[in-house]
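Here is the structure we will look at.
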Amino acid sequence: GQLSVGQSYSAAASGTGSRSSDAGEESPPNIIVMYSDDHTAQSIGAYREALNYGLKLDHTPTPNIDRMAEEGMRFDNAFVTNSICKPSRAVLLTGQHSHLNGVITNLQSIDVDLETFPQLLQQAGYQTAMIGKWHLGTEPQGFDYYEVLHGQGPYYNPTMRTPEGDKDYQGHTTGIITDIALRWLRMERDRDEPFMMIYNHKAPHREWLPGPSLNDYQKRDLPEPPSLFYDYSGLTTAAHEQDMEIGEVGGSDMRWGRDLKVPLHPETGEVNESWNNLVKGNSLTDAQLERIKEAYAEDNEYLYENYAQMTDKERLRWRYQRYVKDYLRVIREVDNEVGRMMDYLKRENLLDNTVVIYAGDQGFFLGENGWFDKRWIYEESMRMPLIVHWPEGIAPESVNKQLVQNLDLAPTILDLAGAEIPGQMQGRSLVPLLKGEEPADWRDAVYYHYYEGPELERGWHDVAKHYGVRTDRYTLAHFYTHDEWELFDLQEDPEQLQSVYGDPEYAEVQEELKQKIRELQQKYDVENPER
Ligand code: SGN
Ligand code: CA
């Protein structure tokens, strides 16, 4: 059975670790990677004090993930190399930047011949499993077992792809993914070997359709981010041309039916096509559909009655509240399931010698700039939440501020397993950081490249391609299809509202950062930075 949402897993056991009894010999740790889809740091209680931009929640929706941070290490400067789904997952598996692993946008599938950390762990004697969102096209390689969603997968009643063919499930996907993961841990793995499991939630990806938490936040409003009504006046063409506005109706921005759960168009009274898509796409049963309609009914009635008199600002506010509540509802469900997983590890006495890595595959906008979605080099989307729980290896309440990346996870995991890190991997093991060391030669800048521009005609959220660099204080980005640059001083302008590119006061910094970009392009074998 599921815990009620908001309950947190009980405090970690101490002293009763599963260290091998052989004198002095440590068994290699088990490893669980949780890479939740679109889970952004602004929605995690543990990050509330750490971030100086964007939505600040007045409560925590994530007691279990917070607990992992309290008992382990929170990374405050973790970034993805390319803020979109497939590319981020390919970087996780290969430890290589997108231009080398080939998955530069959501259009590519991962090449089955690439060397990935799960295959190397298998060779090193680990039992491996891949459960939940895969989204890399080709068949998962390097796993003793897998059970994954097709593509993005639905919020309800998923069909899972397994080595033996498809399996159908009834219910809410977030709980089902955990059930499958727990079944594998309990009954299917070989207990004589250490295990590595990737346990990936589909939530909180669009369309944020809650299950158990449907009725949370019914009677209260959530805070707004300071830049909710921003007009992009300090930014370049790309920001003016995007397609990710919460307030914009129609097109590829936020849709009334599917995203906002408003069945009828508030102006015309006609059924929204995207509402039908929501019902169909999730194969909702009558009972599920009734429960969903019921949860939104009162607020929708208010909207239908008042829409005509509402100002644009009020309309955006209403849409923002509906969006962010649903986002947080599905986050609470993820958090609850993470708690179930941690409880299992504790009961089985596995907690101390299991490294649990909690991360999002990128960040996400929660109304900052009036937006949802990701893609940008901006803080909201480039930052990934990254929390590591490992009682045997990490001092509690650790906070790390080094610049780290999803690129580092494959080398880190191999290092934890005592396996060799192949030369083609471009990240660096975080194990010294986990142990509290501060290597003097740690990187002072991260390289970023986003490739899914409007010319691909993907139909949603056109964002101009860009590459750039993020240091501890600055972000410099080149939107090369427009040949425009943006420079942010994150200390002075944490919300990134005013680019200071071209400002004489920053001339020197600007030159240094351009030089840094050239250095990194060379270091990472970027042959064609404007592809
Ligand atoms: C879908 C979503 C987009 C989302 C992309 C990429 N539209 O196309 O909102 O940005 O996926 O997401 S939807 O109407 O199909 O939901 S990603 O996580 O796979 O990169
Ligand atoms: Ca994603």
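Order of appearance sets the numbers: ligands from 1, and atoms from 1 within every ligand. Being a predicted model, the structure only gives us computed values, none of them experimental.
Protein heavy atom in closest approach to atom 14 (O) of ligand 1: R258 NH1, 2.6 Å. Shortest contact from atom 4 (C) of ligand 1 to any protein heavy atom: D373 OD1, 3.7 Å. Given atom 20 (O) of ligand 1, the protein heavy atom at minimum distance is C85 CB, 2.8 Å. Atom 6 (C) of ligand 1 has its closest protein heavy atom at N106 ND2, 3.4 Å. Among protein heavy atoms, the minimum distance from atom 5 (C) of ligand 1 is reached at R375 NH2, 3.8 Å. Nearest protein heavy-atom neighbour of atom 3 (C) of ligand 1: H461 NE2, 3.4 Å. Ranking the protein heavy atoms by distance from atom 7 (N) of ligand 1 puts R206 NH1, 3.2 Å first.
Residue N277 holds its CG atom at 10.5 Å from CG of D259, rounded to the nearest 0.5 Å.
At a heavy-atom distance under 4.0 Å, no atom of K86 approaches ligand 1. Within the 4.0 Å heavy-atom criterion, the part of Q152 lying near ligand 1 is the side chain and not the backbone.
Within 6.0 Å of the CG atom in D166, the count of heavy atoms belonging to other residues, nucleotides or ligands exceeds 12.
Which of R458, Q362, M244, K374 comes nearest to atom 18 (O) of ligand 1 through a heavy atom is settled by distance: it is K374.
Judged by the 6.0 Å distance and 45° axis criteria, R74 is positioned over the aromatic ring of Y47. Under the 6.0 Å distance and 45° angle rule, K313 counts as a cation-pi partner of F229. A cation-pi contact, defined as under 6.0 Å to the ring centre and within 45° of the axis, links R315 to Y307. The cationic group of R319 lies under 6.0 Å from the six-membered ring centre of W256 and within 45° of the ring axis, placing it in a cation-pi geometry.
Ring centers of Y378 and F488: under 6.0 Å apart, within the cut-off. Ring centroid separation for the pair H59 and Y217 comes in under the 6.0 Å cut-off.
As for D37, its N/O/S atom nearest the Ca ion (ligand 2) is the one called OD1.
An angle of 140° is found at the Ca ion (ligand 2) between D38 atom OD1 and D361 atom OD2, rounded to 10°.
Ligand 1 places these atoms under 4.0 Å from at least one heavy atom of D38: 18 (O). In summary, the atoms of ligand 1 found under 4.0 Å from a heavy atom of R255, numbered by their order in the structure, are 14 (O). The D37 neighbourhood of ligand 1 comprises atoms 18 (O), with distances under 4.0 Å to a heavy atom of that residue. Interface atoms of ligand 1 facing I84, defined by a heavy-atom separation under 4.0 Å, are 20 (O). Those atoms of ligand 1 with a heavy atom of H205 less than 4.0 angstrom away are 11 (O), 12 (O), 17 (S), 18 (O), 19 (O).
Under the 4.0 angstrom criterion for non-hydrogen atoms, H135 is in contact with ligand 1. Remark: distances from the non-hydrogen atoms of E207 to ligand 1 are all 4.0 Å or more.
For a distance bound of 3.0 Å, the N, O or S atoms of Q362 include one lying that close to the Ca ion (ligand 2).
Classification of E452 and R375 as a salt-bridged pair holds, one side-chain N sitting under 4.0 Å from a carboxylate O. Checked for salt-bridge contact, E314 and R317 miss the test: no charged N lies under 4.0 Å from a carboxylate O. The pair R329-D216 fails the salt-bridge criterion, with no side-chain N (NZ, NE, NH1 or NH2) lying under 4.0 Å from an Asp/Glu carboxylate O.
Q402 places no side-chain N or O within 3.5 Å of a backbone atom of N77 that could act as its donor or acceptor partner.
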